[in-house]
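Take a look at the structure set out below.
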Amino acid sequence: MLVENNVALEPYNSFHIVAKAQTLIRVRSEADVAEVLADPVLGPAPKFVLGGGSNIVLTGDVKAVTLKVEIMGRRLVAEDERAWIVEAGAGESWHEVVDWTLAQGWPGLENMALIPGTMGAAPVQNIGAYGLELQDRFESLDAVDLQTGRTFTLNATQCGFAYRDSVFKHGPVAGASAETNSLGLKDRALITRVRLRLPKAWKPDLGYLDLQRKQAETGITKPSPRQIFDWVCEIRRAKLPDPAVIGNAGSFFKNPTVTPEQCADIIAREPNIVHYPMPDGTVKLAAGWLIDACGWKGKSIGQAGVYEKQALVLVNRGGAATQAPGGATGGEVMTLARAIQTSVYERFGIRLEPEPVVI
Ligand code: EPU
């Protein structure tokens, strides 16, 4: 086990915020985790599990022992007449796994192409895009309990998936046992491997407006999984900043849901508001539209800014990627986020909830 001290985290978070990990350990297997937990000093210390760093805001140096998950490997673990079950190590790049499954002839993940981050982080926020969420393809995952050292496996129900949410984003729930779905596993579980179920009865998921536009533009009515993958990559590249060039953490806020009555009330005042009726009777509002309507697009606080092409994405206007020294601090990002929340609340009476985890 190699213990590194005062490690620069700038390359390990997609916002490229400057911060250090006081102690960083690269975890390449379950045995590495066991070694950390058995260590008399590191074992009892608080831990911070770092995946691809694509959904975090670092507001200072990390004092907890940083466990950087680098568990690799991809394989087909099972196949029957209905589905392929594919497993990947938590340190694998999500996008590369999507690309690899398609190359193997196992479609089903193409709508989630180009989402930044690692395989292990995908269940934490139940990543999703273009009509599909991780939970729609999830089979199970393996993890290590950082308090007891025990390994365990969770199915989809036990992961408590919801829109950009899971059991891994919540702290312990008083009185809950490991068998209940309400057990909060925040800072407690280190996900080691994730298994996905890819049904053989594949059908394209083209419900999303941007994909329908691609069909109309190209005249391709029956796209292949690889064609959809390429379209999703093109759509994302056109409106989302590449974290390698402009630091960001994807959508900064969740799309809020309101009751039909609240929605009708807002429409009466704001007829153009972008809204989607949900199957459960609630209405989802486009947070990007709300922020845009408040005039935030292109604005900045310090070096933290609102992306010009998509108001839901906050960006780092400096940092190594732009060759401008310094870059935004986590504090600047959070000040900007709070200012946006305040104006959206004052104008629409809606509280926006951040998507990334603030460290
Ligand atoms: N809009 C504006 N102004 C803006 C941004 C958006 O008016 O500045 C409007 C658009 O015109 C559109 C609507 O808002 O009518 C929705 O925008 P978009 O299609 O870009 O999708 P989104 O709701 O902003 C969500 C996810 C994305 C995901 C896309 C595609 C959340 C929080 N975000 O974005 O996920 O890629 O749909 O499925 O649910 C992420 O989570 O990091 C992420 C990028």
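Read the numbers this way: they start at 1 and go in the same order the structure lists the ligands and their atoms. Computation of the quantities below employed the complete heavy-atom set of this structure, encompassing side-chain atoms and omitting hydrogens, waters and symmetry-equivalent molecules.
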Nearest protein heavy atom under 4.0 Å from atom 11 (O) of ligand 1, yes or no: no
Same apolar cluster (I L V M F W Y, side chains within < 4.5 Å links), I246/L58: no
I want to check a possible cation-pi pair here: K68 against Y12, using under 6.0 Å from ring centre and within 45° of the ring axis as the test. yes
So how far is it from N6 CG to L24 CG, rounded to the nearest 0.5 Å? 11.0 Å
K309 contact mode with ligand 1 (heavy-atom cut-off under 4.0 Å): neither
E110 CD to D99 CG distance, which is reported to the nearest 0.5 Å: 11.5 Å
Measure the distances from the heavy atoms of F252 to every atom of ligand 1 and state whether one is below 4.0 angstrom. no
Under 4.0 Å between heavy atoms, the region of A129 that gets near ligand 1 turns out to be both
Option set Y307, W289, Y163, criterion heavy-atom distance to atom 1 (N) of ligand 1, minimum: W289
Quick test: of every protein heavy atom, which one is nearest to atom 40 (C) of ligand 1, and how far off is it to 0.1 Å? S251 OG, 3.2 Å
How close does the nearest protein non-hydrogen atom get to atom 3 (N) of ligand 1, and which residue and atom is it? D292 OD2, 2.8 Å
Classify the contact between F253 and ligand 1 as side chain, backbone, both or neither, using a heavy-atom distance cut-off of under 4.0 Å. backbone
So is Y208 close enough to ligand 1, meaning a heavy atom under 4.0 angstrom away? yes
Report the nearest protein non-hydrogen atom to atom 6 (C) of ligand 1: residue, atom name, distance rounded to 0.1 Å. Q310 OE1, 3.7 Å
Within reach of ligand 1, part of W296 (heavy-atom separation under 4.0 Å): neither
for atom 26 (C) of ligand 1, nearest protein heavy atom and its distance come out as R164 NH2, 3.5 Å
Can you sort out which atoms of ligand 1 are near R236, meaning under 4.0 Å from one of its heavy atoms? 36 (O), 44 (C)
Is the Lys NZ or Arg CZ of K284 less than 6.0 Å from the centre of Y163's six-membered ring, within 45° of the axis? yes
